Amino acid sequence: MRKHIFLIGFMGVGKSTVSRKLRDRMKAQEIDMDAAIVREAGMPVSEIFERYGEAHFRDLETQMLQKIADGSPAVVSCGGGCVLRPENVAIMKESGTIVLLTADPATIYYRVRNSKARPILNGHMNVEYIAGLMEQRRPAYEGACDIRVSTDGKRPDRIAGEILERINEDKLL
C-alpha cells in the first residue's frame with residue numbers, strides 16, 4: 001500500500017466497520033479519525049462539541065488529517081463532516097484515494113437510532129432530518145470521492161471487497 005484509503009460518508013454508513021475489514025484484508029494500519037481525536041483531546045466528540053463548538057472540532061479534524069497524511073499509509077475512517085472543509089479534501093486527494101460510502105436515510109436512522117454519541121443528530125433523530133442533512137452534504141461527498149460504494153443491504157466483507165476491486169481496476173493505490 002503506497003497511499004492512504006480515506007473512507008468518507010454520512011454517519012452510520014459503516015466507515016469504521018468497513019475500515020476494520022479493509023485493514024484485515026490488506027494487513028494495513030487502520031485509523032479511526034474520531035477515535036484518534038478523542039484520544040488526543042481526552043474527551044468524547046459530544047463533549048468537544050458541547051464545550052468548544054463544532055468549529056473547534058472541525059479544526060481538530062483538519063489537524064488530525066494532516067498528521068495522518070504525513071504518516072505511513074493507512075485505511076482511514078473519516079468523520080462524517082470531514083469533507084465539509086475544502087482544505088481537508090485537498091489533504092486527502094494529495095495523499096490517497098477517497099472512497100464514499102453511501103446508504104439510504106432510513107438505513108442510517110436504523111443504524112444510529114440508539115446512539116447518544118452523534119451530536120449533530122441530538123434532538124433530531126429522525127429519517128427526515130437525516131435525509132435533509134445528507135442532501136446538504138451530498139455535493140461535498142460526491143465532489144471529493146474517487147470511488148462510490150453503497151452499503152445498503154451488504155455485509156462489511158462484501159463492501160470491503162467491492163472497494164478493493166474498484167481500487168485495483170482504476171489503479172488508485
Side-chain angles (χ1 to χ4, degrees), residues 4-23 30-41 43-65 68 74-89 91-92 96-156 158-160 162-163:
H4 297 287
I5 297 174
F6 295 100
L7 300 181
I8 65 167
F10 201 76
M11 64 190 87
V13 295
K15 297 179 300 285
S16 296
T17 302
V18 172
S19 71
R20 287 189 295 272
K21 294 296 182 184
L22 285 169
R23 172 198 68 202
E30 182 238 353
I31 301 168
D32 182 308
M33 274 187 56
D34 283 351
I37 291 168
V38 165
R39 267 192 315 277
E40 284 201 5
M43 66 184 80
V45 171
S46 57
E47 190 174 338
I48 296 169
F49 266 72
E50 190 177 301
R51 279 192 188 188
Y52 305 107
E54 183 177 358
H56 178 74
F57 177 76
R58 299 295 173 208
D59 290 342
L60 295 176
E61 246 178 358
T62 300
Q63 292 165 17
M64 181 60 64
L65 195 55
I68 291 167
V75 177
V76 182
S77 172
C78 299
C82 189
V83 298
L84 299 178
R85 285 190 169 175
E87 62 264 38
N88 292 351
V89 175
I91 292 167
M92 288 187 280
T97 298
I98 304 173
V99 179
L100 170 61
L101 299 181
T102 65
D104 184 77
T107 301
I108 300 289
Y109 171 74
Y110 179 78
R111 291 175 180 169
V112 304
R113 71 191 184 285
N114 295 320
S115 175
K116 302 292 184 231
R118 313 280 181 173
I120 296 290
L121 296 181
N122 286 350
H124 306 287
M125 190 61 79
N126 60 69
V127 174
E128 295 76 23
Y129 183 82
I130 290 168
L133 192 52
M134 288 175 73
E135 184 56 31
Q136 283 176 10
R137 292 181 175 186
R138 186 178 54 77
Y141 290 141
E142 291 179 355
C145 74
D146 299 305
I147 296 171
R148 181 182 172 149
V149 177
S150 171
T151 65
D152 285 309
K154 297 177 188 170
R155 309 268 319 140
R158 179 175 168 203
I159 298 162
E162 283 184 41
I163 291 168

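As the structure is a prediction and not an experimental result, all values here were calculated from the model.
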Closer than 3.5 angstrom, by distance alone: can the side chain of [X] be matched with the main-chain N or O of [Y] as a donor-acceptor pair?
{"X": "K15", "Y": "G9", "answer": "yes"}
{"X": "N88", "Y": "C82", "answer": "yes"}
{"X": "H4", "Y": "V76", "answer": "no"}

If you define the side chain from C-beta out and look only at heavy atoms, does anything of [X] sit under 4.5 Å from [Y]?
{"X": "L60", "Y": "M64", "value": "no"}
{"X": "V13", "Y": "I108", "value": "yes"}
{"X": "M92", "Y": "V83", "value": "yes"}
{"X": "Y141", "Y": "T102", "value": "no"}
{"X": "I159", "Y": "K21", "value": "no"}

Which atom of [X] lies closest to which atom of [Y], heavy atoms considered:
{"X": "V38", "Y": "P44", "answer": "CG2-CA, 4.0 Å"}
{"X": "L100", "Y": "C145", "answer": "CB-CB, 3.6 Å"}
{"X": "A140", "Y": "L84", "answer": "CB-CD2, 4.2 Å"}
{"X": "D59", "Y": "R85", "answer": "OD1-NH2, 2.7 Å"}
{"X": "L22", "Y": "A160", "answer": "CD2-O, 3.7 Å"}
{"X": "V112", "Y": "I130", "answer": "CG2-CD1, 4.4 Å"}

Residue set satisfying side chain to side chain donor-acceptor pair (under 3.5 Å) with E40, at least two apart, ordered chain then number -> K67
Taken in chain and number order and not counting sequence neighbours, the residues that satisfy side chain to side chain donor-acceptor pair (under 3.5 Å) with E30 are S19, R23
>> Around atom CD of E142, are there more than 12 heavy atoms from other residues, nucleotides or ligands closer than 6.0 Å?
In response: yes
[X] [atom1] to [Y] [atom2] distance, which is reported to the nearest 0.5 Å:
{"X": "T62", "Y": "I91", "atom1": "OG1", "atom2": "CD1", "value": "6.0 Å"}
{"X": "L7", "Y": "I98", "atom1": "CG", "atom2": "CD1", "value": "10.5 Å"}
{"X": "R148", "Y": "E162", "atom1": "CZ", "atom2": "CD", "value": "13.0 Å"}
{"X": "D34", "Y": "R39", "atom1": "CG", "atom2": "CZ", "value": "11.0 Å"}
{"X": "E54", "Y": "I48", "atom1": "CD", "atom2": "CD1", "value": "12.0 Å"}
{"X": "I5", "Y": "C78", "atom1": "CD1", "atom2": "SG", "value": "11.5 Å"}

Residue set satisfying ring pair (Phe, Tyr, Trp, His ring centres under 6.0 Å) with Y110, at least two apart, ordered chain then number -> none
**Message:** Please evaluate residues S16 and D32 with respect to the criterion side-chain hydrogen bond (donor to acceptor under 3.5 Å, both in side chains), reporting the C-alpha separation (whole Å), side-chain torsions for both, the decisive distance (0.1 Å), and the verdict.
**Reply:** CA-CA 7 Å; S16 296; D32 182 308; 2.8 Å; yes
Parallel, tilted or perpendicular: ring planes of F49 versus F57, cut at 30 and 60 degrees: tilted
Looking only at the side chains, is there a donor atom on one of R111 and T151 sitting less than 3.5 Å from an acceptor on the other? yes
